[in-house]
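The sequence lines fix the lettering, A, B, ..., with proteins before strands; numbering per chain opens at 1.
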There are 2 protein chains.
Amino acid sequence: MLGLKMTEQRKIIVKVLSESSDHPDVELVHKRASKIDKRIGIATVYRTIKLFEDNNLLEKHEFKGYSSRYETVRENHHHLIDIRSGRVKEFRNTLVDAMQKQVAKEMGFQLVDYRLELYAIPIKNKRSKK
Amino acid sequence: MLGLKMTEQRKIIVKVLSESSDHPDVELVHKRASKIDKRIGIATVYRTIKLFEDNNLLEKHEFKGYSSRYETVRENHHHLIDIRSGRVKEFRNTLVDAMQKQVAKEMGFQLVDYRLELYAIPIKNKRSKK
DNA sequence: CTAGCTGCAAAACATTTGCATTTCG
DNA sequence: CGAAATGCAAATGTTTTGCAGCTAG
């Protein structure tokens with residue numbers, strides 16, 4: 001479309017990303033891509049991911065204590081990070097969404113984006129697997 | 001107290017931090033400290049800030065697009081970042097606070113900490129300076 | 001054919017660390 | 001005096017970039 005070439009490397013990176021639901025970082029994407037084709041340089045992964053990010057295909061997350069992690073852009077949602085394992089759960093809360101917009105407005109600002117992340121530990125709890 | 005020495009450098013860094021309400025990053029703290037005494041290495045600023053952070057005297061913020069910024073620990077509040085200027089405003093919303101705890105609980109987690117940041121642009125608005 | 005990509009290695013940042021020296025208590 | 005702290009420079013970890021060669025369209 002924009003003079004973008006569908007190279008072998010990009011195909012592989014797209015495949016890896018679309019099959020990863022665990023918010024991998026660049027290194028992990030590179031590792032997974034390499035498993036498919038050994039000849040992928042990490043610089044290419046960085047460049048491709050940045051490219052996707054700039055085109056709003058990927059979202060970048062910088063969780064406290066981790067290197068930048070990515071996920072394909074989807075409907076608006078937030079993250080709960082299990083600080084024991086680094087695993088990420090997603091949730092949504094439209095009421096909170098609305099509130100933020102209002103808070104900004106009251107301060108004389110127009111909300112462009114917002115970040116909401118919960119850092120938590122699992123409740124050792126038994127049967128209440130929800 | 002903990003075998004901590006009150007060195008000349010630390011005194012200066014404390015002074016700079018206590019007089020800064022703009023969430024400066026390490027480089028800026030170093031710059032301000034240097035203005036008071038030329039002989040402060042940036043490594044010392046890093047070490048001192050890390051030290052304060054570990055002792056819960058300073059809070060570290062990693063706003064999108066900025067290097068780590070700090071502020072002295074105070075009552076719980078959140079940040080609205082003016083993405084035009086990098087300036088930070090603070091606000092509080094206990095209702096949202098309570099909500100997050102509840103969200104985590106419903107997902108089977110105990111909330112340890114959470115991050116809420118609004119990225120916004122000022123409304124060019126006139127007289128409603130609030 | 002050639003603009004756009006790639007790999008590699010070097011550069012760029014931000015932050016940390018080893019070490020010899022200085023300083024607080 | 002001796003543990004702790006400092007400055008400097010080198011080492012890290014992560015991400016970016018210059019460049020010569022490689023490919024998709």
| Roughly how many Å is it from CD in B/Glu8 to P in C/dT22, rounded to a whole number? | 17 Å

| query | Can a side chain N or O of A/Lys5 be found less than 4.0 Å away from OP1 or OP2 on D/dT23? | reply | no

| query | Rounded to whole angstrom units, what separation is found between the CD1 atom of B/Ile49 and the P atom of C/dT17? | reply | 16 Å

| query | Would you say the side chain of B/Arg47 and the base of D/dG7 hold a donor-acceptor pair, judged only by whether the two atoms sit under 3.5 Å apart? | reply | yes

| message | Tell me whether the side-chain N/O atoms of A/Ser67 come closer than 4.0 Å to OP1 or OP2 in D/dT15. | response | no

| said: Go through it in stages, so that I can follow the logic: the residues are B/Leu118 and B/His78, the test is side-chain contact (heavy atoms from CB on, under 4.5 Å), and I'd like the CA-CA distance, side-chain angles, deciding distance and then a yes or no. | reply: CA-CA 8 Å; B/Leu118 310 188; B/His78 305 295; over 6 Å; no

| said: Does this structure show an ion pair linking B/Arg32 with B/Glu19, if we count only N-O contacts that are shorter than 4.0 Å? | reply: no

| note | Exactly one of B/Glu106, B/Lys105, B/Gln100 clears side-chain hydrogen bond (donor to acceptor under 3.5 Å, both in side chains) with B/Gln102, and that residue is B/Glu106

| remark: When rounded to whole Å, the NZ to C1' distance for the pair A/Lys50 and D/dT16 reads 7 Å

| field | Residues B/Leu116, A/Tyr114; criterion side-chain contact (heavy atoms from CB on, under 4.5 Å); working and verdict | value | CA-CA 7 Å; B/Leu116 172 60; A/Tyr114 89 94; 3.7 Å; yes

| field | Reference residue A/His23; test side-chain hydrogen bond (donor to acceptor under 3.5 Å, both in side chains); the match among A/Glu71, A/Glu59, A/Arg69, A/His61 | value | A/Glu71

| For atom CD1 of A/Ile42 and atom P of C/dA11, their distance in whole Å | 19 Å

| Nearest-Å distance, CZ (A/Arg10) to P (D/dT23)? | 15 Å

| said: Looking at B/Ile40, is its backbone amide N or carbonyl O close enough to the side chain of B/Thr44 to form a donor-acceptor pair, meaning the two atoms are under 3.5 Å apart? | reply: no

| query | Do any side-chain nitrogens or oxygens of B/Gln9 fall under 4.0 Å of OP1 or OP2 in D/dG7? | reply | yes

| message | Rounding to an integer number of Å, can you tell me how far A/Glu53 CD sits from D/dT16 P? | response | 9 Å

| Within less than 4.0 Å of OP1 or OP2 of C/dT15, is there a side-chain N or O belonging to B/Ser68? | yes

| task | Would you indicate, yes or no, if D/dA4 has its OP1 or OP2 atom less than 4.0 angstrom from a side-chain nitrogen or oxygen of B/Thr7? | result | no

| Within the distance-only criterion (no hydrogens, no angle test), does the side chain of A/Arg115 pair as donor or acceptor with the backbone N or O of B/Glu117 below 3.5 angstrom? | no

| task | Figure out the CD/P separation between A/Glu62 and D/dT14, and round it to whole Å. | result | 13 Å

| task | Write down the distance between CD1 (A/Ile12) and P (C/dT6), rounded to a whole number of angstrom. | result | 11 Å

| task | Please list, by residue number, the residues of residues 21-41 of chain A whose heavy atoms come closer than 4.0 Å to an atom of DNA chain C; answer none if no residue qualifies. | result | A/Arg39, A/Ile40, A/Gly41

| B/Met6 side chain, from C-beta outward: closest of C/dG25, C/dT16, D/dT6 | C/dG25

| field | A/Tyr46 side chain near D/dT16 phosphate (N/O to OP1/OP2, under 4.0 Å) | value | no

